[in-house]
Amino acid sequence: MISLKINQKQYDVDVNPDMPLLWVLRDVLQMPGTKYGCGVASCGACTVHLNGDAVRSCVTKISRAANQEVVTIEGLSPNGDHPLQKAWLEADVPQCGYCQSGQIMSAAVLLREKPDPTDQDIDDAMNGNLCRCGTYLLIRKAIHLAADMQKQGAKI
Amino acid sequence: MEKQDALHSRRSFLKSSLLSGGGLMISFSALAEFLPSKKLAGPGMPDQWFELTGYIKITPDNVIKILNPNPEFGQNVMTSLPMIVAEELEADWKKVVVEMGPHDSVKLGSQFTGGSNSVRMYWKPLRDAGAAARVMLTEAAAQTWNVPAAEITAKSGMLYHEKSGKSGTYGEFASKAAAIPVPKGVKLKEVKSFNVVGSSQKNVEGLKIVTGKPLFGLDYYKEGMKIAMIHHPPAFGMKLKSFDASEASKMPGITDVFSLKLYEDGFEQAGFDTRTFNDILVVVGKTTWDVMNARKKLSVQWEPIADTKETIRGFRGKQEVVVPAGLETTESQYAKMQERAKEPATVLRKDGDPETAFKNAATIIERTYTAPFLAHNTMEPMNFFADVTDEKALVVGPQQAPGWSEPTLAKLIGLPAEKIEIQMTRMGGGFGRRAYAHYMFEAALISKKIKAPVKLIYSREDDMTYGIYRPMYIATYRAALDANKNLIGFHVKGGGIPEHAIHANRFPAGAVDNYLAEGWELPSNITIGAFRAPRSNFNAAAEQSFLDELAEAMGKDPIDFRLELLKRAKENPVGKNNEYSADRYAAVLELVKEKSGWNKTENKKYNRGVAAYFCHNSYAAHVVDMVKRDGQPYVERVYSAIDCGIVINPESAKNMVMGAVVDGIGNSFYGGLTLKDGAPEQNNLNRYRIIRMREAPQIVDVSFVENGIDPTGLGEPPFPPVFGAVANAVYKTTGKRVYNQPYFNSTISEKFGVAEKNTKQQGDKKLPQPKIKKGRTP
Ligand code: FES
Ligand code: FES
């Protein structure tokens, strides 16, 4: 039995300790917001927060997440109103949308570390997140927008 | 999966957010400014709907639901198609709820996403549906109020009779209206009075996407379902010989391991029933991870295929096709293409006397262009859910063409179409790949065999190595110039594995007196398929690079040169069957010239490349502004001018164009899949290079030609000319022409025999003059 704390809720799962967090989330806990894109840490679709760091859940063994703080897109904000989520809607970023939860999870760490990121900061922080539809320009725009919202007092 | 309904009014939103407990609690106040209420998913949907035409349902308390007929793969039809209905219906868009329609070709049309056709094909039917429903509602009100229908006006989901002061909501008349026969030929609105179409509306599924709701096929879940994965041969040209499943079967969570045959011998395949690997192994278990691990324990012997006959009934009628045996390798494929290119080919179009033109030419310019296989690599790998019993089947997942796949599915599982329910999920990308529904067939056959609901998942590796690639192409372009540098002859001869890319009746056909287009094809066991703007995605690179080189040789500005040719094609077209409108083509060039400040000195700091192209009924031109960044070519800025007729949802249309530009830069710089002994050398995203954030331009400035023409499609047309504009900018940046895609992925380009040849053609002087061969005969 492995104890997990995901989005501030406690779960006990009985799985192989080698199973990646991604598949525990998707197949065991039915939390499919975290996406599978490559399984080899090359696309970022599966990005979640582990103790506040952005990690690729497809290569994060569940044993590593035991008793640690995990946050997924489902728990990024209680009401879907994280500045990034609002900014994403305002900039109408998604095309197919498949990569976007991973994009937002990566951006959330960036925005916490650098509340006012430059384009360069964004490019560096987001380079591991592929978007096959090519929404990169709008992702940049949305991150700047979220930074502005944050400055204007929306709490993160 | 949660039902794709959405909430309908502020009042009931607030109510249901109270009811929904821990499910979906969204603070209305925080999101109100961004969200029309329809985007909020949750319970509390009314259950009494009155249907007015197949697309519209209305409740007595005036909730208006519009069904989106076409599968959504990122082109935003979930939003733009219902907008068209709402326009003619005179509904208040903010109060409309949108739902993905069921698969029902009788009520909802062809339901095909592809060929940039969604908006073009549905424009008229959806307008008709909206207008008919509006007339039915008006008629119902007229009967109730006992006034002439002509005196009633409809606006924002309300009906008004001015003289009597009566008014009512659509909902009040919905039940009565539903009983009125659907009128035909209702007069449609004038373009100038549109207020929904042409206004920018946010993606109706935006909130679900950014909060991680289960929208995609891969997210589909049904109590008790199992997970299945396939194990296919490691190389094209190989097939299953024997296997031992004893180890794999013993792995934790595994319930079934077996081999599966997709099509029985002699099965008549439909055009998109592509057969890549007909015999596959299947592992079924509890979780994806269990199945992935068990797959590694399979012991399998593969063997080479013999030449294999397939019977295909596609667009060209019934054909017997022989798929050749052999383990193909990229280098030898290029060598074979070059050899084949020397042989005679099929004449696709001939105008005037090209032979004589080339014989009399003062100058002949000849260049050869190539491109490799491309894998679609949709972000969401192939997958499908199936629950097939002896009586009925439910299949749920991402596909572009349910209408094409259903007949084959029916045959394969032995059930009539009416016993099959196909549900369409949002697709994590398509680009053509999901028009080939083999993975749905496989899922259904697996479910039938194990007698349980199952979700089939392709790993990224399974997906990338399965084929259905963009074909491999080569084309040689030749131009004959007279002593005054006039273009007197044009010749293109193109080939490919297994298809050529030539569109013989497109520009510059029609603009040159003596014109010849030829094509040839080399069969292969590598399967290919539609890839965003099929054929055009190569032609636009080759032809538009060639025209650039030609303009330079003639001492002309590249835009002016194209405009001259288009003027000729318009005023005095050569030949018949020219597929494009010279006016619309010229208009996007003029627009991009203006918007980009083509001749402005402040733009001299950029290395500028231009290209334009017509495909899928629309026109696109780009100016690519390239710089050197850290010593490497980088596209910093792009100007795009598009004519796709009336634009339904402008901001989202711009998003689509930006995406096509990014996709074009990415694929022209890096895209490609190579093979060694039949096995793909790239099998995951750590090896297959896709454009990333850092490489995306700073600015993509998109303009649309406003001409009021009925919509002609947008998903594909902006993509192909990016390749040509990039190539032309590369030349300005580096002084070297690029002929072989991808332009900056040396691990792939090195495998091209022709790379060498073209480099020699060019020499490596700093600013090379195009090497011109004098008076060569064809
Ligand atoms: S799925 Fe984890 S990085 Fe791609
Ligand atoms: S929106 Fe489709 S992959 Fe990013």
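Naming convention: chains lettered A, B, ... in sequence-line order (proteins, then strands); numbering from 1 in each chain. This one's a predicted model, so the numbers in the text were calculated from it and none came from an experiment.
At a threshold of 4.5 Å between non-hydrogen side-chain atoms, the residues A/Cys133 and B/Phe431 count as touching.
Heavy-atom distances place no part of B/Ser200 under 4.5 Å from chain A, backbone and side chain included. Residue B/Asn667 touches chain A through its side chain alone, counting heavy-atom pairs closer than 4.5 Å. For B/Met292, the part sitting under 4.5 Å from any heavy atom of chain A is the side chain, from C-beta outward, and nothing else. For a residue to count as touching a neighbouring chain, one of its non-hydrogen atoms must lie under 4.5 Å from one of that chain's; by this rule A/Val28 touches chain B with the side chain only. Only the side chain of A/Gln30 comes within contact range of chain B, with heavy atoms under 4.5 Å apart. With a 4.5 Å cut-off on non-hydrogen atoms, B/Gln698 touches chain A through its backbone and its side chain both. When heavy atoms are compared at a cutoff of 4.5 Å, A/Leu76 does not approach chain B at all. Only the side chain of A/Asp119 comes within less than 4.5 Å of a heavy atom of chain B; its backbone N, CA, C and O stay farther away. Contacts between B/Met379 and chain A at a heavy-atom distance below 4.5 Å involve backbone atoms as well as side-chain atoms. Using a 4.5 Å cut-off between heavy atoms, B/Pro697 touches chain A through backbone and side chain atoms alike. Using a 4.5 Å cut-off between heavy atoms, B/Glu651 makes no contact with chain A at all. For B/Tyr688, no part lies under 4.5 angstrom from a heavy atom of chain A.
Taking A/Trp23 as the reference, A/Tyr36 meet the ring pair (Phe, Tyr, Trp, His ring centres under 6.0 Å) condition, with sequence neighbours excluded.
Against chain A, the residues from residues 654-664 of chain B that qualify, each with a non-hydrogen atom under 4.5 angstrom away, are B/Asn655, B/Met656, B/Met658, B/Gly659, B/Val662, B/Asp663 in number order. At a heavy-atom separation below 4.5 angstrom, chain B is approached by A/Ser42, A/Cys43, A/Ala45 within residues 41-51 of chain A.
Between the side chain of A/Gln85 and the main chain of B/Val210, a donor-acceptor pair closer than 3.5 Å is present. A donor-acceptor pair is defined here as one N or O able to donate and one able to accept, closer than 3.5 Å; no such pair exists between the side chain of B/Asn684 and the backbone of A/Val40. No donor-acceptor pair closer than 3.5 Å links the side chain of B/Arg460 to the backbone N or O of A/Gly39. A side-chain donor-acceptor contact under 3.5 Å links A/Asp27 to the backbone of B/Thr288. Panel note: side chain A/Arg132, backbone B/His376; a donor-acceptor pair is recorded below 3.5 Å. A donor-acceptor pair under 3.5 Å is formed between the side chain of B/Lys202 and the backbone N or O of A/Glu90. Proximity of a side-chain donor or acceptor of B/Arg692 to a complementary backbone N or O of A/Cys131 within less than 3.5 Å is not detected.
Sorted by first and then second residue, the ring pair (Phe, Tyr, Trp, His ring centres under 6.0 Å) pairs involving residues 131-153 of chain A (not counting sequence neighbours) form an empty list.
Once rounded to the nearest 0.5 Å, the distance linking CZ of A/Arg26 with CD1 of B/Ile227 reads 9.0 Å.
Counting all heavy atoms, side chain and backbone alike, A/Cys96 lies closest to B/Ile209 at O-CD1, 4.4 Å.
Of the residues considered (B/Asn76, B/Asn377, B/Ile665), B/Asn377 shows the highest number of contacts with chain A, using heavy-atom pairs under 4.5 Å.
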